[in-house]
Amino acid sequence: MADTPHLYLVDGSAYIFRAYHRLPPLTDPEGTPVGAVYGYTTMLWKLADDLHKADGPTHLAVVLDKSSHSFRNEIYDQYKAHRPDPPEDLVPQFPLIRHATRAFSLPCIEEPGVEADDMIASYARVAQDQGWNVTIVSSDKDLMQLVGEKDGARIDMLDTMKNARIYIEEVEEKFGVPPEKVGDVLALMGDSVDNIPGIFGVGPKTASKLIAEHGDLTAALDAAADMKKSKLKERLLEHRADAEMSRVLVTLREDCPLPIALDEMKLEGVPPEPLAAFLSKHGFTSLLKRLDAGTGSPSRKTDLNPARQDTPGAAASSEGSRQPLPDFPAVDRSAYECVQTIERLEHWVERAHAARLVAVDTETSSLDCMLCDLVGVSLALGPNDACYIPLGHGGSDMFAEKPQQIDRAAALAALAPMLASEAVLKVFHNGKYDLNVLARNGVDVSPIDDTMIISFDLDAGRQLDGIGGGHGMDELAERHLGHTCLSFKEVCGTGRKAIPFGEVPLDKATEYAAEDADVTWRLYQHLKPRLATEGGTKIYERVDRPLVPVVAQMERHGIKVDRTRLAKLSEEFASETARLEKEIHQIAGTEFTVGSPKQLGDVLFDKLGYKGGKKGKSGQYSTDQSVLERLSGDGAEIASKVLEWRQLAKLKSTYTDALQEAINPETGRVHTSYSLVGAQTGRLSSTDPNLQNIPIRTEIGRQIRDAFVASEGHVLLAADYSQIELRLAAHMADVPSLKEAFANGEDIHARTATEMFGEVNRDTRGRAKTINFAILYGISRWGLAGRLGVQPDEAQAMIDTYFQRFPGIQKYIVRKLEEVRERGYSETLFGRKTWFPRISSKNQAERQGSERAAINAPIQGTSADIIKRAMARMMPALEEAGLAHVRMLLQVHDELVFELPEADVDAASAVIERVMAGAAEPAVRLDVPLGVEIGTGTSWGAAH
DNA sequence: CGGATCACG
DNA sequence: GACGTACGTGATCCGA
C-alpha cells in the first residue's frame, strides 16, 4: 500500500544508552566524547535514507526522556530509584543527541513529566487508529506490549543494532506470550534496572509460564492459593500486592497530550547544510564524504549512496581513530588501463621503480593458490592510477579467438626485477596468497607490506557481532574509504552460471582487477600512518610482517600424507560404523539417522524413555558427549555405541576421507592455508584442510597422525613449547613460587597441587591442572565445579585458596580488567592489541564473556607472538648453520613441525631449540625459561 | 545457513 | 533458583 503513511518513532534515549555500551569511546576533534552520538547519527541517516523504500518511513519523530520523574513516581517512590548516574563520558552526549536530531531537521519530542515510552505509546496508538503503520525504533521490552495489528494497521518494532524487525512472533518467542500479555509477564518478573519489584524469585521463565498457563496476572495470582506447597506459591501469595502495583508501573500510558501533530512529522528530505555543519563539527568525516559524494543528503528521492552497509559499530570504531585522509578523488574505474603490449608494461614497470611503492594484486582461476593458474596482474601507483595486465584470459573455448595479451612468460620476466627489487615496496592485501601464486610461477617478491595484516594489527576484535570487523578488502574499502568495490559475483556470476576470472571480458576484468590494486593503494595510505600513531608499528614490523613470506613458504612446502594408510583407515572406520549402526538400530527398535542429534534425542528420551533429557533453546534434546557418557555410565549400552559411532564417523569424514581429497595432484602433498588474521588473539588458524586439529588425544585418533609422514630418506621433527601459557602467566602476573618452579624444571601441576592441597597424588595433581587452566581462561565457580565434579561452593573455596597461594594472579586479573575497561583493548608483552568492545556491556553474559576473553588474550597472544618470532628467525638461523635444506612445514600454536634428512637431526635440533627458547629476546626478557621438547620419527605420530 | 557436535592448542 | 558459565579455533552433518 504505497499511500499508507508509515510513522517511525525513534526511542532516542534508550538508543544512546545502548549505543554507548556497544560502541568504542570515540572523541571528536575538540575532545568531546561522541561514540554514542556517532552511532545515533548513522542510525538516523539510515532511517532517513529509507524514505520511499518499502516499509520505510513517510513520517518520523524522535522521542527523548526529558526528566526521570513521571506518574510512576507518584505510585511508587522507589521507581527507578537505584539507577546509577550515567557514565561520565555519556553525559555530554545527551545534548548532542538533540543537536544531531536537529541537524537532520527532524522533529524531536520531549515533555517534562512524561516518559518517552508513554509518549511513544500515545503517538503509536493515535497513528494506528488513523490507519497508519507504525514502527517503533527501539528494543525496549516494555514497548513490546504495543506490537500488533488493528484494523489492518500494524505496529512493529525495529532493533537497528541487530537490524531486526520485531513483530508478534518475535515477542512471543521472547516472552512466551502474545504482546498484550507482556505487561502481565513483566509485572511478575519485575525489572531491576527500573526497580520494579515484581515477585521476588520469579524470573522471565517462571513468569511467562504462569501467564501462559493461567491467562493473565490476576488469574495467575488467584491460582496461587490452589498450588501445592512450594516456594513459588508462598511468594505469589506474599508479594501479590507488589505484582499488582508492578502491573500498573509497566502499563504504558496511551493518552499523553501530544505536543505536535502527526502531519508535522512528515519526512520529505534532509536539507544538507545543517547536517554538513554538524558532521564536520564532530569530525564524522566518512559521513561528510558521503554527503558530498551523494546527491546531497540522505532521503533525497534518488537513493544517495551505494556505500551504506557498514554497521554503526564498525564505522564508528574506525572513524574515531582515523587520520585526516589525504583528499583522494572518488574511484573512477574508467581511468584504468588494460595493458596489452610489452611496451606499455615496460612503461608501468618504469613508473613503479620511480614511485618506489606499488600496490599489486593477482587474479587467478580459482581460490586455491596451490592449484590455480595465474590469470592476470594489476598494479596501482596512485588513486585511479592503476592497470590490469591480462595473462591468461580466454582459452576455455578452443575455437574462439583469445583476447590480445602479452605472453605470460615475457610479462613475468618484465615484472620480476621490479617485484624483487629492494628499492620498490610492493603492497598487497593478503599478500601470502599472491606470493604463493607468483612463487609457483617462478617469481620472487620482496619487500612487501600487507594492508590486511596492518588492519588486523590495528583493529583486531573491534567488530561487534562479527559484523563489519573483518579485514577483507571490500569491507575495509567500505569502512575506511566509503567505497563499494565491484563484487566478485557481479563480475563472475554465481552458482552454476559462474565463470572463471579468465573468461571475464577484458574491459570488465580491468575494472575489477585494477580497482583492487587501486583500493589496496588507498587503504595503505590510510592505514599505514595509523600504525605509528596508535602503537602498532612494533607488532607489525617485528612480528607479523616478517612472518608473511615465512608462512607462505610453509604452505608451499606442504606435508606428505600416506594415502594408502588413510584409505585403509577409512575402510576400517566405515565397516565399524556400519556394524555399530546396525546394533544401535536394533537396540532402539527402529531405523533412524544416528548422525542426527535431533532424531537421536527423540529415540533416547522419548522412545526409550531414558531420564534426564535436557532440551536446549532449540527445543531439542542435548545428546553431546557428556550426556551420552552419563547414560552409558548408567548402563545404557546404546549410548556407548553411539559414542563410538560418533568418534569413528568424525574421524572418517573429517580426517581420513578429507585428507585424501586434499592431496595436491601436482605435488602429492597436503597444503593447508594459514590465516594470519583468523584469531583475535594473534594466533594463526589453519583451513582447507585444518591441520591444527589432527587427532592426538585418543589412541584410535592418533593413527591419523601416523599417516603424516616424511619423504624418502627424511624424518619429521616436532618441537613443542612446554607449558608456554602457564610460564607466561607466571611471568606476567609475577608469581614467585611458580617462577621458581619453572626455573627448577619442576612439574608445574604437581607444584600447584602441593601449594593448594599440601600433597601430590594423582587426584590432587589432576585437580591442580584443571585449576591452572581455569585460571588462564578466566574462572567461575560454576565452570570449575562442573569440570571437577564438585559443588560450586567447594570450587569457590579452591579458587580462594589458589588466589591466596598465588596473590599475584588475582592482582593481575583485576589490573588487566581495569586496563581493558579503560582503554578498550588488551595488550601482549609485544604490544599486540586485542579490542573488547563489549567489556562494559550491560548484558551480564556478554560482559563476563568479554572479561574472560580479556584475561586470556594477553597470555594466549603473547604465546602466539613468541612462536611467530621463532618462525621468522628459524630459516635464517638454520641457513647460518648450513641447514638450509631443513623445511619448516607446520605450526600448531605451540609446536613446529620440520622435515629434514635424518643425518641432520642433531644439528637441526640444537638450532631449533635455541631459536624457540630465545624467541622472546631481546624485545622481552622473561623471568621464566621457555622449555622446548623435541622428538623425531618417520611420521608425525612417531615424532611425539 | 544456523545449530549441534567434536577435533586441536 | 533469573541469567549462564572456561579461552581460542575449523569441519562436518543435519534439517529447515
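Quick note on labels: first sequence line is chain A, next is B, and so on, each numbered from 1.
- Judged as a side-chain hydrogen bond (donor to acceptor under 3.5 Å, both in side chains), not a single pair has a partner in residues 783-794 of chain A (not counting sequence neighbours).
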Contacts under 3.5 angstrom, residues 692-701 of chain A side chains, donor-acceptor by atom type, not counting sequence neighbours:
from	atom 1	to	atom 2	distance (Å)
A/Gln692	OE1	A/Ser686	N	3.3
A/Gln692	NE2	A/Gln891	O	2.9
A/Gln692	NE2	A/Gln891	OE1	3.1
A/Asn693	OD1	A/Tyr655	OH	3.4
A/Asn693	ND2	A/Tyr655	OH	3.4
A/Thr698	OG1	A/Gln647	NE2	3.2
A/Thr698	OG1	A/Gly701	N	3.1

*Toss me the dot-bracket line for DNA chain C: Watson-Crick and G-U wobble, both under 3.5 Å, 5' to 3', using | for pairs to another strand and [ ] for crossers.*
......|||||||||.

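- Under the 4.0 Å criterion applied to side-chain N and carboxylate O atoms, A/Lys769 and A/Asp747 are not assigned as salt-bridge partners.
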_Under 4.0 Å protein heavy-atom contact, by nucleotide of nucleotides 5-12 of chain C - B base, S sugar-phosphate only_ = BBBBSBBS

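- OP1 or OP2 of B/dG9 has at least one side-chain nitrogen or oxygen of A/Arg697 nearer than 4.0 Å.
- Residues A/Glu827 and A/Lys833 are not paired through a salt bridge, judged by the lack of any N-O separation under 4.0 Å between the basic side chain and the carboxylate.
- Between the side chain of A/Thr672 and the main chain of A/Pro689, a donor-acceptor pair closer than 3.5 Å is present.
- Between A/Lys598 and B/dA4, a side-chain N or O to OP1/OP2 separation shorter than 4.0 Å is absent.
- Residues forming a side-chain contact (heavy atoms from CB on, under 4.5 Å) with A/Lys650 (at least two apart in sequence, or on another chain): A/Thr654.
- With sequence neighbours excluded, no residue forms a side chain to side chain donor-acceptor pair (under 3.5 Å) with A/Asn843.
- Salt bridge status for A/Arg646 with A/Glu629: absent, with no side-chain N to carboxylate O gap under 4.0 Å.
- If you check distances only, the side chain of A/Arg235 never reaches the base of C/dG1 with a donor-acceptor pair under 3.5 Å.
- On a pure distance criterion of 3.5 Å, a polar donor-acceptor pair joins the side chain of A/Gln844 and the base of C/dC3.
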